[in-house]
Protein chains: 2
Amino acid sequence: MTRAYNFSAGPATLPETVLEQAGAELLDWHGAGASIVELSHRGPEFMQVASEAEADLRTLLSVPDDYAVLFLSGGATTQQALIPLNFAAPGQAADYVVTGHWGKTAIKQAHPYVSANVAADGEAGGFRDIPARADWRLSDDAAYVHVTANETIHGVEFRDTPDVGDVPLIADFSSSIASEPVDVSRYAMIYAGAQKNLGPVGVSVVIVRREPLERSGQPRAPIFEYARHAQSGSMLNTPPTFNWYLAGLVFKWMLAEGGVEEFARRNQRKADALYAAIDGSGGFYRNEVAPAVRSRMNVPFFLHDDGLDKAFLAEAKEAGLISLKGHRALGGMRASIYNAMPEAGVRALVGFMDEFRQRHG
Amino acid sequence: MTRAYNFSAGPATLPETVLEQAGAELLDWHGAGASIVELSHRGPEFMQVASEAEADLRTLLSVPDDYAVLFLSGGATTQQALIPLNFAAPGQAADYVVTGHWGKTAIKQAHPYVSANVAADGEAGGFRDIPARADWRLSDDAAYVHVTANETIHGVEFRDTPDVGDVPLIADFSSSIASEPVDVSRYAMIYAGAQKNLGPVGVSVVIVRREPLERSGQPRAPIFEYARHAQSGSMLNTPPTFNWYLAGLVFKWMLAEGGVEEFARRNQRKADALYAAIDGSGGFYRNEVAPAVRSRMNVPFFLHDDGLDKAFLAEAKEAGLISLKGHRALGGMRASIYNAMPEAGVRALVGFMDEFRQRHG
């Protein structure tokens with residue numbers, strides 16, 4: 001098989017040019033005599049890679065100067081454990097807004113360290129909508145409010161930043177970071193596993209306001225302290241250098257393509273085309289999420305007859321469209337259409353869906 | 001520059017054939033239509049990569065069946081924080097034998113969770129020897145004894161497994177794992193960041209006896225629980241797939257080359273040649289570690305006149321020998337000669353050292 005259109009939810013498709021460049025310099029990085037994966041993280045070669053990646057991400061997301069940008073090992077789940085350790089006193093209240101699977105995971109990881117208050121929960125409605133802000137039951141003394149900007153499994157996305165007053169707002173942006181402009185200053189911290197929009201799995205990006213790091217938290221190992229990671233430029237220990245490097249190549253690609261403003265336009269067109277194909281299928285396909293909060297990144301959909309699921313997946317694969325199987329929690333299909341999924345890939349999927357419907361409808 | 005001999009302490013040199021294979025299949029893994037770095041960790045392609053890597057590592061190290069083999073994100077430092085969380089009650093005593101920088105790091109990470117007893121400490125002697133077992137002051141009720149099998153910075157290595165009776169023995173094998181046969185059954189847990197002998201940075205290997213995992217530890221986030229990682233086959237969250245894959249290629253390379261018995265022979269020859277060049281230099285070069293505990297993996301050495309350090313490094317680089325600068329804690333030089341450093345590389349280094357001495361002696 002040549003390269004297919006890969007709709008995996010993460011690890012996810014990367015720009016082909018990024019993989020080509022990584023492959024071309026895999027044995028000898030820019031004449032260093034070694035691969036970037038073989039060089040010391042403290043040597044001049046990797047220090048250049050690391051600082052360019054940080055600078056490029058700051059440019060992409062217009063990160064204010066009073067925010068640290070960290071590149072850490074461990075995924076978003078690890079950050080979900082570190083958040084209370086760094087931002088809450090032991091047993092202090094913290095508010096969680098649950099709009100899907102990952103919001104629940106965030107609470108599980110925080111549970112040993114804080115009194116997690118479920119301020120709002122979409123589960124009764126099958127996570128098909130986001131509870132209205134007016135109905136959130138926020139605590140009086142919460143250390144922070146945690147939201148999931150985009151729920152990868154349930155396909156539900158905040159379309160604007162919720163107002164939580166002066167309480168620090170922390171958001172899991174794993175599956176939508178850099179998909180559109182974001183006002184970082186509205187958040188105390190944004191975090192994201194890289195494996196959807198930013199690059200390979202194995203590195204997480206944490207964008208965090210510096211000031212609160214110095215004064216809050218609870219007893220924890222030094223390696224769990226964001227402040228120490230910030231002070232050391234994410235080199236408190238050996239960072240995942242190759243993952244950081246690959247993410248840096250993706251950042252340069254995003255800048256060259258026009259930045260997050262351009263990706264916001266492309267992503268909206270891709271999502272519009274795919275939802276239109278679903279909604280216009282006369283019930284052959286369906287997506288159950290309230291239109292106002294439908295994710296532009298992850299589009300779960302179901303065939304009217306799940307007896308056709310196997311044929312759909314097999315024929316899609318034949319057509320060069322892979323990784324469309326839905327998450328086991330929901331079944332059905334899911335198309336993840338992150339920045340690196342070209343519009344041509346979505347057109348090919350829509351074309352296949354129409355053609356499949358005509359044959360099996 | 002073509003590929004140099006790279007003596008970096010970690011991230012470190014990888015087998016050229018491994019990099020060539022990774023490069024060749026970077027855009028399309030075995031006809032999957034996507035890179036292995038782009039495919040779901042739960043898909044059949046990566047599941048195959050993951051299980052082969054585990055099986056190969058079990059073969060290489062003769063891991064007994066009652067041990068779990070975990071592939072985790074985060075480096076050895078993270079494991080140093082997780083060890084007390086998983087093996088000790090809050091504030092319980094744990095014994096640490098400190099034979100260099102990394103033993104001290106292990107205590108720092110454990111400090112919030114246990115009463116760390118320094119059972120032996122080589123610092124007064126500049127970490128040039130390992131305190132005799134008879135002089136260790138072990139606690140009566142320690143949760144475990146922690147040692148560092150090989151100290152990467154100070155170049156000090158345990159040449160046999162210390163007897164600590166029935167107390168669980170835990171060892172940081174980051175810089176010597178798979179360099180020679182090891183009797184895993186003597187340890188409750190062995191852990192290693194991959195970036196020295198096993199592959200790229202960004203994944204750690206934890207080899208841990210299953211039984212104690214189920215009954216010990218202290219309050220901790222689920223993502224910090226080894227038992228959960230073991231139950232989920234290291235897929236409690238998205239693992240660092242590409243790093244795991246690259247490590248798996250290194251395991252296959254080690255097996256094809258003859259396994260750890262063969263590498264033990266090569267490593268001994270490499271170390272013997274390099275120490276002989278140092279000891280036979282009439283004081284031009286010196287290594288200060290007690291011969292009985294000199295590391296076969298990391299050879300720190302000093303020029304008799306540190307005014308020559310810059311010239312040594314520059315001329316070595318000209319000769320295709322890179323990353324020889326010593327750790328900032330010690331200064332001088334360091335040659336790391338892990339499994340992937342060919343004997344020809346050590347011969348080239350020894351030849352250069354002799355020639356440099358003749359010119360500058």
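Convention: sequence-line order gives letters A, B, ...; per-chain numbering from 1. Since the structure is predicted, the reported quantities are computational estimates derived from the model, not experimental observations.
Applying the ring pair (Phe, Tyr, Trp, His ring centres under 6.0 Å) rule to Trp253(B) yields the partners Phe263(B); only residues at least two apart in sequence or on another chain are considered. Residues meeting the ring pair (Phe, Tyr, Trp, His ring centres under 6.0 Å) test with Tyr191(B), sequence neighbours left out: His146(B).
Two residues are said to be in side-chain contact when any heavy atoms from C-beta on lie closer than 4.5 Å; Pro11(B) and Thr238(A) meet this criterion. Taking 4.5 Å as the limit, some side-chain heavy atom of Leu14(B) sits within range of a side-chain heavy atom of Val37(A). Within the 4.5 Å cutoff, side-chain heavy atoms of Arg220(A) are placed close to those of Tyr113(B).
There is no contact between Gln80(A) and chain B, counting heavy-atom distances below 4.5 Å. For a residue to count as touching a neighbouring chain, one of its non-hydrogen atoms must lie under 4.5 Å from one of that chain's; by this rule His111(A) does not touch chain B. Proximity to chain B (any heavy atom under 4.5 Å) is shown, for Ala340(A), by neither the backbone nor the side chain. Neither the backbone nor the side chain of Pro84(A) comes within contact range of chain B; no heavy atom of the residue lies under 4.5 Å from a heavy atom of that chain.
For the options Gly199(A), Gly74(A), Pro219(A), heavy-atom pairs under 4.5 Å to chain B are most numerous at Gly74(A).
Near-neighbour residues of residues 223-236 of chain A relative to chain B, defined by a heavy atom under 4.5 Å from a heavy atom of that chain, comprise Ile223(A), Phe224(A).
Counting only residues at least two apart or in different chains, side chain to side chain donor-acceptor pair (under 3.5 Å) contacts with residues 325-336 of chain A comprise Asn298(A)-Ser336(A).
Judged purely by atom type and a 3.5 angstrom limit, Asn6(A) uses its side chain to pair as donor or acceptor with the backbone of Glu38(B).
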